[in-house]
Amino acid sequence: MQHLFDSNISTNLPNEFIKEFPGGIELWIKREDLLHPEVSGNKFRKLKYNLLRASEEGKSKILTFGGAHSNHIAATAAAGKILDLGMTGIIRGEELEGAEDKWSPTLKYARDCGMKFEFLSREDYREKDTAAFMERLNLKYPDTYIIPEGGTNQLAIQGCEEILSREDKKFDFICASVGTGGTLAGLINSSQVNQKVLGFSALKADYLRNEISKMVKSSNWELLVDHHFGGYAKVNAALINFMNDFSKKHKIILDPVYTGKLVFGIFELVKQGFYPANSKILAIHTGGLQGINGMNRNLKKKDLPQIVN
Ligand SMILES: Cc1ncc(COP(=O)(O)O)c(C=O)c1O
């Protein structure tokens with residue numbers, strides 16, 4: 001466990017100043033993407049206490065869930081390889097069974113790390129949180145530590161509470177992308193009462209507000225649902241051009257599913273006058289860059305610009 005979670009890796013990286021907008025509004029980025037080359041961003045935070053718990057329970061096998069492009073699948077596979085754990089990925093999409101030529105770069109990467117897959121139809125996959133499904137899983141995969149889809153559970157939230165450091169108390173707004181809400185919950189729990197935590201939803205999903213409120217202790221947060229570009233993993237040329245322009249100017253690559261939409265959303269809100277003058281904004285770069293190659297394949301098919309990485 002040492003060589004991933006309590007080694008020389010610094011988990012308190014400095015924030016990078018991005019720019020000052022009119023009205024003295026400052027944008028900074030917390031480079032969580034630089035935490036580790038393969039287990040980066042919120043994945044490092046979410047896996048930390050889960051994999052420590054697996055080790056305490058003497059479990060040398062882990063199992064988790066995800067789609068074909070999932071950052072969580074890639075990071076779990078990388079962590080499992082480093083820690084020499086047996087790994088199973090329950091993957092959405094039965095059409096991928098035995099069709100390796102159709103696999104995403106994410107699945108090929110996870111396989112190369114040593115992850116074995118079980119492919120499920122979308123219908124069966126939807127059942128994965130039911131008691132009956134869990135029972136079957138426990139029988140089929142005994143002595144295995146099960147991590148939920150997206151990695152979000154109480155231990156993941158505990159890990160995400162470590163993203164903010166003492167130096168971050170000076171920020172007025174903490175902004176992060178939201179998938180399941182676990183990362184945002186950790187940020188909310190460790191924020192100061194005078195700070196506002198803004199979640200930028202990557203999905204068209206108002207129910208997330210309710211989910212997040214079950215995971216947090218305070219009310220200094222808001223879920224914004226206007227920057228998902230039509231839904232999960234949906235993109236357009238304006239977003240890709242913004243991301244490419246941003247990475248050229250600031251030497252920071254964003255991903256198209258989460259952090260690209262987050263930073264685009266922050267720029268939009270500045271234009272709309274959402275942030276008061278002299279606000280200091282901290283955006284969390286939660287990683288996820290492994291998904292760019294798979295996205296570029298899809299962009300090519302749709303004749304959209306490529307993401308430069
Ligand atoms: C890069 C990246 N950022 C943000 C998120 C959203 O995190 P959460 O699911 O905790 O809301 C994810 C998804 O897990 C992600 O992969």
Side-chain angles (χ1 to χ4, degrees), residues 16 18-19 27 29-44 66-78 89 91-93 95-96 99-113 115 150 175-179 183 200-204 226-271 283-309:
E16 266 181 54
I18 300 300
K19 69 179 272 161
L27 174 62
I29 290 199
K30 183 171 279 297
R31 299 294 308 274
E32 291 273 299
D33 56 316
L34 301 178
L35 269 179
H36 186 276
E38 272 103 30
V39 192
S40 81
N42 61 346
K43 300 300 169 271
F44 181 97
H69 300 278
S70 163
N71 293 325
H72 169 66
I73 288 289
T76 305
I91 308 295
R92 188 176 55 233
E95 70 281 3
L96 296 167
E100 298 201 14
D101 54 318
K102 292 206 190 100
W103 286 9
S104 61
T106 304
L107 289 186
K108 288 182 182 157
Y109 171 80
R111 180 221 29 221
D112 293 345
C113 288
M115 186 176 266
C175 301
S177 178
V178 173
T183 306
F200 290 69
S201 183
L203 348 159
K204 236 191 229 174
D226 294 331
H227 308 98
H228 51 60
F229 286 77
Y232 186 71
K234 298 253 166 63
V235 296
N236 64 19
L239 176 67
I240 307 297
N241 291 334
F242 172 84
M243 289 166 50
N244 285 341
D245 190 42
F246 186 87
S247 70
K248 198 165 158 199
K249 270 201 194 111
H250 303 292
K251 309 278 169 280
I252 299 177
I253 299 174
L254 303 170
D255 85 288
V257 180
Y258 298 100
T259 53
K261 294 179 180 182
L262 164 71
V263 179
F264 188 100
I266 293 172
F267 274 59
E268 284 293 296
L269 290 181
V270 170
K271 275 192 232 152
I284 313 297
H285 194 320
T286 39
L289 303 179
Q290 68 82 33
I292 291 177
N293 291 341
M295 179 60 88
N296 271 341
R297 280 201 329 193
N298 292 339
L299 293 175
K300 206 168 174 185
K301 284 184 211 149
K302 292 183 188 150
D303 225 9
L304 281 166
Q306 293 281 288
I307 300 160
V308 180
N309 65 338

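Side chains of Lys261 and Phe200 form no contact here, defined as non-hydrogen atoms less than 4.5 Å apart. Using a 4.5 Å heavy-atom threshold, the side chains of Val263 and Ile252 count as separate. Using a 4.5 Å cut-off on side-chain heavy atoms (C-beta onward), Lys102 and Leu96 make contact. At a threshold of 4.5 Å between non-hydrogen side-chain atoms, the residues Ser40 and Leu289 do not count as touching. Counting heavy atoms from C-beta on, the side chains of Lys19 and Phe267 come closer than 4.5 Å. Two residues are said to be in side-chain contact when any heavy atoms from C-beta on lie closer than 4.5 Å; His285 and Leu254 meet this criterion. No side-chain heavy atom of Phe229 sits under 4.5 Å from any side-chain heavy atom of Val235. Using a 4.5 Å heavy-atom threshold, the side chains of Glu100 and Arg111 count as touching.
Contact between Cys175 and Ile266 at its shortest, heavy atoms only, is CB-CD1, 3.7 Å. Across every non-hydrogen atom of His36 and Phe44, the tightest pair is CB-CD1, 4.3 Å. In terms of heavy atoms, Ile29 sits closest to Ile18 at CG1-CG1, 3.6 Å. The minimum heavy-atom distance between His72 and Gly150, with the atom names listed, is CD2-N, 3.6 Å. Between Thr259 and Ile284, the closest heavy-atom pair is CG2-O, 4.2 Å. In plain terms, the two heavy atoms of Tyr109 and Ala74 that are nearest each other are CE2-O, 3.5 Å.
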### Task
Just do the side-chain contact (heavy atoms from CB on, under 4.5 Å) check on Asn309 and Asn293 with the steps written out, would you?
CA-CA 9 Å; Asn309 65 338; Asn293 291 341; 3.7 Å; yes
### Intermediate values then yes/no, side-chain contact (heavy atoms from CB on, under 4.5 Å), Lys43 and Leu35
CA-CA 10 Å; Lys43 300 300 169 271; Leu35 269 179; over 6 Å; no
### Task
Before giving the answer on side-chain contact (heavy atoms from CB on, under 4.5 Å), spell out for Met295 and Val257 the whole-Å C-alpha distance, their side-chain angles and the decisive distance to 0.1 Å.
CA-CA 9 Å; Met295 179 60 88; Val257 180; 4.2 Å; yes
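The environment of CG in Asp303 is sparse: at most 12 heavy-atom neighbours from other residues, nucleotides or ligands sit within 6.0 Å. Counting heavy atoms of neighbouring residues, nucleotides and ligands inside a 6.0 Å radius, atom NZ of Lys108 exceeds 12 of them.
A donor and an acceptor atom, one from each side chain of Gln290 and Asn71, are located under 3.5 Å apart.
A side-chain donor-acceptor contact under 3.5 Å links Ser104 to the backbone of Ala68. Under the 3.5 Å distance criterion, the side-chain polar atoms of Asp245 are left unmatched by any main-chain donor or acceptor of Asn241. Looking at Gln306, its side chain does come within 3.5 Å of a backbone N or O of Asn296 through a donor-acceptor pair.
Between atom NZ of residue Lys204 and atom NE2 of residue His228 there is a gap of 6.0 Å, rounded to the nearest 0.5 Å. Distance check: Leu299 CG to Ile307 CD1 gives 5.0 Å after rounding to the nearest 0.5 Å.
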